[in-house]
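One-based numbering, in listed order, for ligands and for the atoms of each. Everything numeric in this text was worked out from a predicted model, so none of it was measured.
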Amino acid sequence: MFDPRPLVDIATAIGREAGALVQRMRASAVVSFDTKSTSTDVVTAADRASEQLVRTRLSELRPGEPILGEEEGGPDGGIAEGLTWVVDPIDGTVNYLYGIPWYSVSIAAQLDGESVAGAVVEPSTGRVWTAARGHGAFLDGTPLHVSATTDLSLSLLGYGFAYRPERRQRQADTWAAMSTRVRDLRRAGAASLDLCSVAAGRLDAYAEHGLGRWDWAAGGLIASEAGAVVRLPGSSPELGEDATFAAAPGIADAMHDALVESGFGKV
Ligand code: LIP
């Protein structure tokens with residue numbers, strides 16, 4: 001019987017090493033960066049150094065297994081058959097650039113494209129979020145459970161915005177429409193930690209478009225193993241082909257319907 005838990009240990013150990021590296025680099029006065037899809041979509045020297053470290057350590061501990069990383073890419077088509085490692089070297093790069101302590105190193109193992117193990121390391125606090133498929137979700141070893149909320153109007157929704165201005169406007173329109181349907185909204189800037197927040201009941205739901213597999217591969221498993229309803233890109237046309245959605249089960253249907261009514265599926 002396949003046991004994914006040893007893969008969590010590897011993801012955790014390497015994530016901690018990469019987290020220590022990005023913290024050391026953050027301590028330097030200047031964080032150098034380049035831009036990618038837009039002038040606001042940045043990649044720092046620490047992103048690149050972190051991914052290099054993760055790749056090197058995975059090749060030592062798991063030789064020959066493919067790696068998909070945000071900065072250096074991966075197997076053709078993104079995911080190979082069998083086991084693939086999926087890495088976001090710094091999730092929340094803009095937060096990292098600004099010195100806002102809400103970013104992570106996210107490492108997941110996927111089997112035929114489905115996450116079976118994951119670790120989300122918070123370099124600024126040392127906290128580690130983990131999950132193995134079928135074995136629950138944890139924060140520093142403490143079991144995680146989603147919120148028990150059943151009232152949409154009392155729910156806290158995590159949200160995100162793309163880098164491209166034209167899409168941001170449509171996403172802002174949905175944000176505005178949702179603002180009268182829920183308790184409040186939060187835009188924290190790191191998808192992996194938004195998904196972990198749903199797992200911990202710190203958010204009642206989270207919705208965003210345009211994430212990379214590396215953004216959701218570990219956090220989506222952690223949210224699911226904590227009891228959340230999770231819809232990953234390509235699984236829910238009503239929310240949009242590239243939508244990521246996670247919600248406490250007591251409000252999942254109502255949140256889904258409110259988002260669709262607010263135009264979320266058409267941003
Ligand atoms: C970020 C995501 C965030 C999203 C940002 C960006 P990155 O990932 O975590 O949720 O809103 O646009 O994609 O680029 O920092 O790894």
Inset, instruction - Would you check if there is a donor-acceptor pair between the side chains of Glu122 and Thr125 at a distance under 3.5 Å? - result: yes

Heavy atom under 4.0 Å from ligand 1: found in [X]'s side chain, backbone, both, or neither?
X	result
Asp215	side chain
Phe161	backbone
Glu71	neither

Legend entry - Test of proximity, Gly160 against ligand 1: N or O pairs below 3.5 Å: no

Identity and separation of the nearest protein heavy atom to [atom]:
atom	result
atom 3 (C) of ligand 1	Gly189 O, 3.7 Å
atom 10 (O) of ligand 1	Glu208 OE1, 2.9 Å
atom 6 (C) of ligand 1	Tyr163 OH, 3.4 Å

Legend entry - Donor-acceptor contact below 3.5 Å, side chain Gln171 vs main chain Ala162: yes

Inset, instruction - Supply the members, apart from Val230, of the Ile/Leu/Val/Met/Phe/Trp/Tyr cluster built from side-chain contacts under 4.5 Å; use none for a lone residue. - result: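 Hydrophobic cluster check, Val230: joined to Val146, Leu156, Leu195, Val198, Leu203, Tyr206, Leu211, Trp216, Leu232.
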
Inspect the contact between [Y] and [X] and indicate whether a charged nitrogen and a carboxylate oxygen are less than 4.0 angstrom apart.
X	Y	result
Arg133	Glu114	yes
Arg186	Asp184	yes
Asp242	Arg167	yes
Glu166	Arg170	no

Inset, instruction - Using non-hydrogen atoms of the residue, decide whether Ile90 is closer than 4.0 angstrom to ligand 1. - result: yes

What atoms of ligand 1 come closer than 4.0 angstrom to any heavy atom of [X]?
X	value
Ala191	2 (C), 3 (C), 9 (O), 10 (O)
Glu70	14 (O), 16 (O)
Thr93	15 (O)

Inset, instruction - Pick, from Thr44, Asp88, Asp91, the option with the minimum heavy-atom distance to atom 8 (O) of ligand 1. - result: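 Result: the heavy atom closest to atom 8 (O) of ligand 1 is in Asp91.
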
Legend entry - With sequence neighbours excluded, residues passing salt bridge (Lys or Arg N to Asp or Glu O under 4.0 Å) with Glu70: Lys36

